[in-house]
Every structure is written in structure tokens, then in C-alpha cells.
J.: 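Below is a structure I'd like to ask you about.
Each chain gets a letter, A, B and so on, in the order its sequence line appears, and its residues count up from 1.
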Amino acid sequence: MREPMYEKDLTAMKYAILESRRHDGMVREIAAEIGVPQLRMRRYLMDRFDMLLLENLPARYEQGKKIREDSPEPERQLGSHLYTHAVPIIDREAMEQILKSVREMVRKGTPLDQAIHSGRERMRKEITA
Amino acid sequence: MTKRTVDVSIPVGPVHPCWKEPARVKCETRGEFVLSAEVELGYMKKGIERIMRGRPWQEVMFLAERVCGICSVIHNMVFIEALEKISAIPVPERAALLRVIVNELDRMQSHILANFSYCYTIEHETLGMYLLDTRERVMDELERITGARVTCAYIVPGGVRFDLRPEDAHHLRAGLDALERDITRYMGMFEHGPLIALRSRGIGILTREAAEEAYAVGPTARASGIPGIDRRLRHPTYQKLGFAPVSRQEGDNFARIMVRFQEVLQSIGLIRKCLDILPEGPIRGGGIPGAGEIAYSGEAPRGELSYFIRTDEAGRVVEISIQTPSIMNIEACCHYMLKGVASLADVPSTFVSSDPCIACTER
């Protein structure tokens with residue numbers, strides 16, 4: 001099938017955006033927190049976001065981190081607002097489910113750290129699925 | 001994942017008669033209603049950050065101005081002030097106030113150009129041409145002080161390049177009086193024009209929450225009720241002048257244009273204050289930039305402009321990263337303002353109302 005001539009492959013340009021110092025630092029931080037390889041995270045961001053959102057990610061990330069600090073637990077540790085609004089790498093419904101399960105675990109007596117670890121594991125699966 | 005069914009995907013740009021620079025906005029529409037929009041860049045990438053790396057500051061200072069052809073003074077100012085912070089270079093009082101005068105003149109011409117673009121886009125060419133004529137007079141004042149209209153290279157480490165002669169100060173005061181009179185009149189035309197209201201009020205709304213989420217900056221954020229997002233509030237010279245930002249609550253195209261008009265009048269007031277308190281004295285204190293690293297921000301006409309700079313002992317720029325305000329504002333425009341616009345005809349005007357600078361965005 002012939003593609004319209006104005007539909008370009010933007011992969012190289014998106015990668016160029018993510019190569020910048022600020023973007024690289026942000027990707028490293030997110031990848032380390034969620035436990036995903038950096039290359040995989042870059043690919044995920046390139047597939048999911050348009051060029052402009054990619055350009056603006058570091059500013060959004062910094063803004064999201066400030067909001068995160070004021071959030072209650074377990075939202076703060078999981079970064080639920082950060083990863084669904086500021087840097088929307090996880091769907092809001094999926095994050096709601098993760099939060100629900102973490103709260104449920106805590107309610108049943110699981111230590112918070114362990115519940116958060118389990119929540120992060122589910123976040124990682126959302127990204128690598 | 002289910003595929004979304006839409007009527008048609010309409011590309012606007014990359015070349016559009018109303019846009020100053022090329023960018024392509026892909027709009028997914030259902031009839032006239034815009035469901036979502038996406039911007040594609042890459043038509044004028046300069047790679048200027050890469051060109052800057054490894055060069056001495058004396059060269060990078062001229063390159064920094066060339067990031068943006070509209071607001072070149074603030075790039076010059078932020079870059080030089082960052083170098084001054086790295087090496088603790090003091091700036092004489094007179095030079096600091098002259099910097100504010102030139103920076104505010106630059107802001108005025110940028111805002112007037114943005115409002116011209118908007119009026120031209122909604123086909124109010126009369127007001128557009130009035131504004132363009134007014135901008136020329138601001139550019140003339142800029143040229144009179146700095147010797148150049150666009151890339152002035154006026155600000156240097158430890159001061160400014162040229163002093164303000166008494167006859168230039170007198171000319172500037174007279175010019176400001178005329179500009180204030182004209183801008184007030186044009187602002188009234190814009191505010192009370194019924195056709196302008198039809199194309200501007202309640203269109204392209206950016207709510208306060210969305211502006212915060214996208215980290216919108218400058219007049220775009222201030223038109224959505226976020227006055228605190230102005231770097232001038234943290235600048236010592238502006239603090240001395242008693243600066244207080246302008247803001248509105250509506251968050252629509254109308255508010256963004258009105259904020260710019262109000263800021264032009266505010267700039268006139270700031271320049272007058274500077275002229276009133278301008279002390280006699282040197283305009284250059286000397287000092288040579290050395291090694292160090294800093295992240296420094298200033299308020300460009302479009303919002304917060306940030307430079308991260310690392311220099312070596314010889315003053316060479318080893319690492320540099322520039323975050324321009326248009327990145328945040330265009331993102332806010334595409335993902336929030338354009339989403340849900342009732343008519344495709346409002347897409348260009350809404351896009352222009354966020355004052356997009358593609359040269360800045362692509363660097």
C-alpha cells in the first residue's frame with residue numbers, strides 16, 4: 001500500500017530529542033525507578049508520545065516531581081500523578097488498579113515497602129507488556 | 001487496542017500563510033470538531049547547541065542570540081548573566097538598568113508582533129497593520145540604543161556595550177508616550193471589537209490545571225490565572241523596580257492577546273521607571289568568565305528561558321542545554337487548547353495565540 005508522502009518516519013528525530021542532556025537524565029531516572037532498561041524506556045517513549053510532548057517531557061517531569069512530593073502515600077512513592085499526568089507513561093485506569101491493589105495489600109497487613117515494590121512491578125509490566 | 005474511528009485527519013501546515021515559521025499540526029476531526037492535535041517538527045532544526053559546544057564564550061554569545069530571531073536580547077541576557085553568576089562578575093547599577101530597558105523594548109516588539117500575527121490570522125488586517133507599524137517604532141528605539149534591530153549583542157559580561165546618551169533618553173521618553181497612546185487605542189479596538197470577540201472569546205481554552213500540568217509559561221500561563229510563573233519576580237533589578245506580573249483568568253485566545261497588550265503597557269512603565277532612577281556611572285565593570293557550571297533562567301517574551309552551561313578555565317563552553325518557553329507553550333496548545341476546538345477554522349488562530357516560536361523550539 002502506498003503511504004501518503006507527507007507521513008514521515010519520525011523515529012530518528014524523536015531519538016534526537018531524547019539524546020539531549022536533560023532528556024537523557026530524565027529517562028535514566030525514570031528507567032531506574034521503574035526497573036526498565038533505558039533503551040526500552042526510550043523506545044517506549046518514542047512509540048507513545050509525539051515530538052512535542054517528548055520535547056516538553058523534562059519540564060513536565062520537574063513539575064510532576066513537585067506535585068509528587070505533596071501527595072499522600074502510597075501515591076507519592078508510586079508517583080501515580082507523575083506517571084499518569086506529567087509523564088503519562090501509564091494509563092490512568094491501569095494506575096488506578098495498581099493503587100487499589102497496593103492499598104488493599106496495606107490494609108491486609110503487608111508492609112508498605114513490600115506493597116510499593118509489588119505496585120512498581122505491575123507498572124514495569126505495563127510498560128514492557 | 002481498539003482503533004478510533006474519526007471522520008478525517010487534516011494536516012495544517014507545514015507552510016501556512018498565517019504562520020511565521022513552518023510546523024505541521026495534524027488534526028483529527030469529526031466534522032468541524034477537533035478531537036485531537038499533534039505537532040510535527042523538524043523543518044528548521046539548526047542544531048545550535050551542538051555548534052556552541054567547544055567554542056569560547058565570545059563566540060557562543062553571538063550564537064545564543066541566533067537561537068531566536070524575535071527575542072534575541074533575552075538569549076543574550078540569560079547567557080551572559082549565567083556566565084556572570086559562574087564567575088561572580090559584578091554589574092554596575094547603570095548597566096543593570098540599561099539591560100532592563102533593552103530587554104523590555106525587545107519584549108514589547110515581540111508581543112506586538114505576536115498580536116499582529118493573531119489579528120492577521122483572524123483577518124483583522126487593519127489592526128494587524130497598525131500593530132506592525134507600532135512595532136517598527138519600537139525597533140527604531142532598540143536600534144537607536146544598541147545599534148542593531150535584531151541581533152544587538154548589547155549585553156556583555158560585566159555590563160553593556162553602549163551607554164544611553166541624554167538625547168537618546170529624551171527620544172525614548174517621547175517615543176514611549178506615543179507608543180502608550182497608540183497601544184491603549186489598539187487594545188480598546190481589540191477588547192471591544194464584536195467580530196474579534198466572536199473569533200477569540202471562549203475559544204482555545206487552557207484551564208489553570210492544564211496549564212500547570214503542561215508547565216505552560218509566560219503570557220500563555222498568565223492568561224490562565226498563574227501570575228507567579230514569571231522569572232522577573234526573582235531578578236534583582238526587576239525586584240528593585242517593584243515589578244508585579246499581569247494575569248487574567250479566562251484562559252482563552254482573547255485573554256492571551258490581552259495579557260500581551262497589558263504587558264506592553266507594563267514594559268513602557270518599567271522603562272520609564274528605569275529612566276527615572278538611572279544613575280550616572282560606568283556601564284562596564286570588567287571581569288572574565290572562567291570555569292564553572294550553572295542552570296540559569298530568565299523571562300523571555302514567551303516565558304521562562306533556561307540555560308544550562310558548563311565552562312572550562314579558558315571560558316570555553318563545554319556543555320550547553322537550552323530550554324525555550326515555546327516548547328512548553330506549543331505542547332500546551334496542541335494537547336489542551338486545540339483539543340475540543342469547535343471549528344477547524346479556529347485551529348490556526350488558537351495556535352498563533354500561544355505565540356509559537358518554532359526557531360526556539362527546534363534550536
J.: I need the minimum non-hydrogen distance between Arg22(A) and Ser321(B), along with the two atoms involved.
T.: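 Smallest interatomic distance, heavy atoms only, reads NE-OG, 3.4 Å.
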J.: Rounded to the nearest 0.5 Å, how far does NZ of Lys66(A) lie from OH of Tyr215(B)?
T.: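 Going from the OH atom of Tyr215(B) to the NZ atom of Lys66(A) covers 5.0 Å.
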J.: Mind checking the CD-CZ spacing from Glu331(B) to Phe49(A)? Nearest 0.5 Å is all I need.
T.: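 Answer for the CD-CZ pair, Glu331(B) versus Phe49(A), is 9.5 Å.
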J.: Going by heavy atoms in the side chains, are Glu213(B) and Gln63(A) under 4.5 Å from each other?
T.: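 Counting from C-beta outward, Glu213(B) and Gln63(A) never come under 4.5 Å.
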J.: With a 4.5 Å limit on heavy-atom distance, are the side chains of Leu53(A) and His335(B) in contact?
T.: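 Yes, at least one pair of side-chain atoms sits under 4.5 Å.
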J.: Could you tell me which of Val217(B), Val39(B), Ile320(B) has the largest number of non-hydrogen atom pairs under 4.5 Å with chain A?
T.: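 Result: the option with the highest number of such pairs is Val39(B).
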J.: For Arg316(B), is the CZ atom crowded, meaning more than 12 foreign heavy atoms sit under 6.0 Å from it?
T.: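 No - once you tally the heavy atoms of other residues, nucleotides and ligands closer than 6.0 Å, there are 12 at most.
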J.: Is Met328(B) close to Glu55(A) at the side-chain level, that is, under 4.5 Å between some pair of heavy atoms?
T.: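 No, every pair of side-chain atoms sits at 4.5 Å or beyond.
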J.: Atom CG of Asp50(A) and atom NZ of Lys26(B): how far apart are they, to the nearest 0.5 Å?
T.: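 It is 9.0 Å, given to the nearest 0.5 Å.
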J.: Can you establish whether the number of heavy atoms outside Arg208(B) located under 6.0 Å from its atom CZ is more than 12?
T.: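 Counting other residues, nucleotides and ligands, CZ of Arg208(B) exceeds 12 neighbours.
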J.: Would you indicate whether Lys46(B), at its atom NZ, is surrounded by more than 12 heavy atoms from other residues, nucleotides or ligands within a distance under 6.0 Å?
T.: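 Yes - once you tally the heavy atoms of other residues, nucleotides and ligands closer than 6.0 Å, there are more than 12.
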J.: For residues Ile327(B) and Leu52(A), report the shortest heavy-atom separation together with the two atoms involved.
T.: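 Taking every non-hydrogen atom into account, O-CG, 4.5 Å.
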J.: Is it true that atom NZ of Lys85(B) has more than 12 heavy atoms of other residues, nucleotides or ligands lying nearer than 6.0 Å?
T.: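 No, not enclosed.
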J.: Do Arg21(A) and Glu319(B) come within less than 4.5 Å of each other through their side chains, counting heavy atoms only?
T.: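 Arg21(A) reaches Glu319(B) side chain to side chain.
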J.: Quick one: what part of Thr361(B) sits under 4.5 Å from any heavy atom of chain A, side chain, backbone, both or neither?
T.: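 Both backbone and side chain.
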